[in-house]
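Presented below is the structure to which this report refers.
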Amino acid sequence: MTDLSVKNSTPLLQVEGLHMSFPAGSGIASKKHAVVRAVDNVSFTIEEGKTFGLVGESGCGKTTVGKCILRVYRATGGKIFYMGTDITGLPDKQFNSFRREIQLIFQDPYGSLDPRQSVYSILKEAIVCDGKRHSKEQIRARVNELLGLVELAPAMSGRYPHEMSGGQRQRLGIARALACEPKLVVCDEPVSALDVSIQAQIINLFKELQKKLGLTYLFIAHDLAVVRHIADTIGVMYLGHLVEVMDAEKLYTSPVHPYTRALLSAVPITDYDVERSRRREVLQGEVPSPINAPSGCPFHPRCKYATDVCRQTMPELRDMGDGHFSACHHPCTGAALQQEQTAQG
Amino acid sequence: MEKLLDVRNLRTSFFTSDGEVRAVNDVSFHVGAGEVVAIVGESGCGKSVTQMSVVQLVQSPPGRILGGEVIFEGEDLLKYPRKSRKMMSIRGAKIAMIFQEPMTSLNPVLTVGSQLSEVIRTHTGARRKDAWNSGIKALESVGIPDPERRMKSYPFEMSGGMRQRVMIAIAAACNAKLIIADEPTTALDVTTQAQVMELLLSLVKERGTSLIIVTHNLGLVTRYADRIYVMYAGKIVESGTTRDLLTEPKHPYTAGLLRSVPRLDAQKDVDLVPIKGSPPNLAELDWRCAFLPRCRCALEGTCDKLKQPVLAPAGEREHFAACHLLTEVSEND
């Protein structure tokens, strides 16, 4: 599926046919060869300075993709190119030079901060990990600079995580990731634990930091509205597969995969007139277990357009033009879309 | 519309080592028969404690209901002690509750069927076998496939959406008049959220059940609620019909919330306008408007000099807001 990357310049990150399987269950009673295909043939690219949003419901494999890129998991198949270098096969020692450039921001800032370390020492740890010599003044200056970047007062440096609010803790988590001067930041549900009024502050902070520092984000979240707001390109995942990739603008206006369409219609819009006049489509059933994933298209048991071909063959991610890719045998375009609308009317 | 539940001037506080925390501070709201009412607010604003006070399930100590009335079907429930026979017969039977995480409301070591039929037996006096059969019907009515077999499942064998359906089945089995759903879909995925909400709505439509949705999710409210109460720092700051409140919010907090949520259909380059700062600590509130430190519209010399504003008419059709800009400023004009 190299057709996803017909670009002249080298993209910052290129994921090609990524696979990640885990052995399912353990012990004598379990089936010996059962595997969970958490990520199955996922390909996408992120250009430098851009944001790629990965959305999907829980268990769809979006976090696993992030963890493969960070090498928390060793991918069981496929390749990950970081600035043109294949980092999947690199020995750990050589990969270490990339670790500083690829950083991570977690969902729960409280769980990812050491409760016994002050803000200063949390940041100091991230600053000195490059192995160079730093004077005390240099560290102090850098800590203040980082706090300034995430709009925390310098006085905060003496605080401990439990003395901070959720929003402040997430800012600290971001500052710690920035301490290593990363190029790529993998953000895994970075705003979903926050209150609405705080969420907007952090989303705006992400956008500002991108402008200031030229960061590239892989933004993993389940909230479509948030991802659409921050991302340039969006990939929708279902049961380990990337089912649709498109420009963020297009997510709302012209999605073609039935799953993307159902997902969209399940998310309410906070505008009374728009919301009350919308067509509501409730997807039946539940996401199947990835251990006994359905044959053919993973979405076919819940899809109202499913036919025999969907039950038998896995659809490839196909180019729909204009950087829009969809893995569906019966995409909702042109005639199909019209038919649906007349059926509704 | 006849009021099924009418809560007047409810006050609940927690007495902690940091002092008195006024979680519910003079809150009044009402729910009509067959009405869907939403209580919206951020974490710690007192929206859940308000509902727990209605059914007297506030943990005590440190919590205590200090005053007010909870009039349900014409009777003040606060006159009855929390462990009285009357409260026991109301909780679960007439007022059912659905919480965010069904795993914590269901007993992990009992089968779904035994929990479901226990509730039916307690509240209707049905015999064991009849209760079991009603349980099967209840599971069927909430769309759980293969209900006979599912009655014998344990909660951990079910998915989150399925467990939430079981909770709704328990509420439906006793024909509750009022269902209080406290963040019923927050732990669920969006497509499951839609399924669960449609199910709750069908109960409202078919049986005339009233529904209180407690949530922080403005989208959910936009889609399903008839009326909305917005809570901030233990008080209701704005109330009105869903249309009025969302199209013409009168309180700066409500307006701020609406501007800070990303919209699926918005222009991509429109920036979000967050509310500055963070919600106040309820133990450290002063005598002024609790939203003052975060308010974009606060008027110097007015908002910082006056006592906490009270709810005042802000438009037609029962639209109320508690903001000085509405009362003081319009008088001066």
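Please read these numbers as outputs of a predicted model, since none were measured by experiment. Scope of the values below: all heavy atoms of this structure, side chains included, with no hydrogens, waters or symmetry mates.
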- If you look at every heavy atom in A/Ala266 and B/Thr191, which pair is closest and at what distance? CB-CA, 4.2 Å
- Query: Out of A/Gln168, A/Gln199, A/Glu249, A/Gln284, which one racks up the most heavy-atom pairs below 4.5 Å with chain B?
  - Reply: A/Glu249
- Segment of B/Met197 engaging chain A (4.5 angstrom heavy-atom cut-off): neither
- Item | Distance in Å, B/Leu218 CG paired with A/Glu275 CD, rounded so as to fall on 0.5 Å steps | 12.0 Å
- Tell me, out of A/Val287, A/Asp223, A/Leu283, who's got the most heavy-atom pairs with chain B below 4.5 Å. A/Leu283
- Task: Pick whichever of B/Ile275, B/Leu264, B/Leu258 has the most heavy-atom pairs under 4.5 Å with chain A.
- Result: B/Leu264
- If you draw a 6.0 Å radius around CG in A/Asp322, do more than 12 non-hydrogen atoms from other residues or ligands fall strictly inside? no
- Can you tell which part of B/Pro279 gets under 4.5 Å to a heavy atom of chain A, answering side chain, backbone, both or neither? side chain
- Task: Among the options A/Asp195, A/Val267, A/Thr253, pick out the one with the most heavy-atom pairs lying under 4.5 Å from chain B.
- Result: A/Asp195
- Item | Heavy atoms from other residues, nucleotides or ligands near NZ of A/Lys211 exceed 12 (cutoff 6.0 Å) | no
- Message: Rounded to the nearest 0.5 Å, what separates atom OH in A/Tyr272 from atom CG in B/Leu245?
- Response: 11.5 Å
- Query: Checking B/Arg259 against chain A: side chain, backbone, both or neither under 4.5 Å from a heavy atom?
  - Reply: neither
- Message: Using a 4.5 angstrom heavy-atom cutoff, name the option from B/Leu257, B/Leu246, B/Thr247, B/Asp265 with the most pairs to chain A.
- Response: B/Asp265
- Message: Tell me if the CZ atom of B/Arg22 is crowded by more than 12 foreign heavy atoms within 6.0 Å.
- Response: no
- Task: Can you see which heavy atom on B/Arg243 is nearest to which on A/Asp273, and at what distance?
- Result: NH1-OD1, 3.5 Å
- Message: With chain B as the partner, which of A/Ala248, A/Ala262, A/Ala225 has the greatest number of non-hydrogen pairs under 4.5 Å?
- Response: A/Ala225
- Heavy atoms of A/Gly285 and B/Gln195 approach each other most closely as O-NE2, 2.8 Å
- Select one option (side chain, backbone, both, neither) describing which atoms of B/Glu198 are under 4.5 Å from chain A's heavy atoms. side chain
- Query: Is a side-chain donor or acceptor of A/Arg276 paired with a backbone partner of B/Thr222 at a separation under 3.5 angstrom?
  - Reply: yes
- Task: Looking only at non-hydrogen atoms, find the nearest pair between A/Ser197 and B/Arg294 and report the distance.
- Result: OG-NH2, 2.9 Å
- Message: Other residues, nucleotides and ligands only: do more than 12 of their heavy atoms fall within 6.0 Å of NZ on A/Lys50?
- Response: no
- Query: So how far is it from A/Leu194 CG to B/Ser278 OG, rounded to the nearest 0.5 Å?
  - Reply: 11.0 Å
- Between atom CD1 of A/Ile202 and atom CG of B/Leu272, what is the distance when rounded to the nearest 0.5 Å? 12.0 Å
- Query: Closest approach of B/Pro274 and A/Ala200, non-hydrogen atoms and distance?
  - Reply: CB-CB, 3.6 Å
- Item | Interchain contact, B/Tyr253 with chain A, by part (heavy-atom threshold 4.5 Å) | neither
- Message: Counting only non-hydrogen atoms closer than 4.5 Å, does A/Ile203 touch chain B with its backbone (N, CA, C, O), its side chain (CB onward), both, or neither?
- Response: side chain
- Looking only at atom types and distance, does a side-chain atom of A/Gln201 sit under 3.5 Å from a main-chain N or O of B/Gly277, one as donor and one as acceptor? yes
- Query: At their closest point, which heavy atom of A/Thr270 faces which heavy atom of B/Arg263, and how far apart are they?
  - Reply: OG1-CG, 3.3 Å
